[in-house]
Amino acid sequence: MDSTTETSRCIRNIPPVHYLMKVESYSLLSNSNESYHSSSFQVGDYKWRLSFYPNGDKRFNATNNYISLYLTICDTDSLPSGWEVNVNFTLLVYNHRHDNYLTFQGMRRFHELKKEWGFEQIESLETFKDVCNGYLFNDSCAFGADVFVMKHTLNSETLSVFRREDLTNPTFRWEIKEFSKMDKSIISKKFCSGETNWYLSIYPKGKSSKDGKAFSIFLSLDDDDDDSAHNNSTIYAEFYLRVIDQLNSKHEEGAVNRWFSGCKGWGVPEFMLLEDLHKSSNGYIVKDSLIVEVEFSIMSRTKVSNS
């Protein structure tokens, strides 16, 4: 009946939340009854009762010299076939002397074959009956219960991380024609890589925050992506941003690794100096066309499950 692996014992000052059971004339009860079952009380659409063994529960241990206390689910005939109720419960014993409660907490699954859970050994009879310890006062004692039914509202997610060879469309190349006519920031078309929608953005004249001297390039998640898994979580990516050298194949490249959330973008604000970008011998701009590229090496994907 008792499980030490899923229970905790402590002292608290707060009285029982859901039920309080007072026992007067404990000595008479212990002389005449093996057990006492309280009236039923309702918590979380279910009915419960406390079962108190004033001389210890001898059903499974004839030498048990501890008081025993259990929580029982009752009136279960109306419940559907195969029912089960997961409960986080606390049973309490009042200490008159210290005006606090000795508590025992457990998390248990109640079902058709197991309607009762509790604690076979609450306190030794010797300790409990000694009035100096405070559990008995004028031959009376009190017990209580907190019962919290755990509803099935579990949400879960699975995070998977993939290397380049496992990604769909790991590389996206963007050719920007008539580049000299571009002034403010430019955004690429949306593209899908690793089952995730992205876009690139650049600053042809450099960002004003960087004194307009450096070419900037960023990668961002598509904020219009309807995938709830992406909207509810973050995505990790390791990727390379490149400006393609169309003459010498000596591409300018920067490695980035970041966690993305929502539409937030990451990149390199000072990717390269504008004077180097426009220098004709470097081959970055040919026939007024600039080519930039992003290549993913690692990307995470999250699948969210809602109950």
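Given the structure is predicted, the values throughout are model-derived calculations rather than measurements.
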**Message:** Classify the ring geometry of Tyr70 against Tyr53: parallel below 30°, tilted from 30° to 60°, perpendicular beyond 60°.
**Reply:** perpendicular
**Message:** Restricting to side chain to side chain contact (heavy atoms under 4.5 Å, CB included), what partner residues turn up for Lys184, sequence neighbours left out?
**Reply:** none
**Request:** Please list, chain by chain and in numerical order, all residues satisfying side chain to side chain contact (heavy atoms under 4.5 Å, CB included) with Val256, sequence neighbours excluded.
**Result:** Phe239, Leu241, Arg258, Val268
**Fill in**
Residue set satisfying ring-ring contact (aromatic ring centres under 6.0 Å, His included) with Phe215, at least two apart, ordered chain then number -> none
**Prompt:** Under the side chain to side chain donor-acceptor pair (under 3.5 Å) test, which residues partner Trp83, sequence neighbours left out?
**Reply:** Glu112
**Asked** Who passes salt bridge (Lys or Arg N to Asp or Glu O under 4.0 Å) against Glu178, sequence neighbours left out?
**Response** Lys181
**Message:** So, using side chain to side chain donor-acceptor pair (under 3.5 Å) as the criterion, who are the partners of Ser185 when residues are at least two apart?
**Reply:** none
**Message:** Can you list everything that forms a side chain to side chain donor-acceptor pair (under 3.5 Å) with Ser188? Sequence neighbours excluded, please.
**Reply:** none
**Sequence-distant partners of Tyr240, ring-ring contact (aromatic ring centres under 6.0 Å, His included), two or more places apart** = none
**Prompt:** Pairs in or reaching into residues 25-44: which pass salt bridge (charged side-chain N to carboxylate O under 4.0 Å, His left out), with residues at least two apart or in two chains?
**Reply:** none
**Message:** Using the side chain to side chain donor-acceptor pair (under 3.5 Å) criterion, which residues pair with Glu295? Sequence neighbours excluded.
**Reply:** Arg164, Arg242
**Asked** With sequence neighbours excluded, what pairs up with Phe128 under the ring-ring contact (aromatic ring centres under 6.0 Å, His included) test?
**Response** Tyr26, Tyr135
**Message:** So, using ring-ring contact (aromatic ring centres under 6.0 Å, His included) as the criterion, who are the partners of Tyr101 when residues are at least two apart?
**Reply:** Tyr94
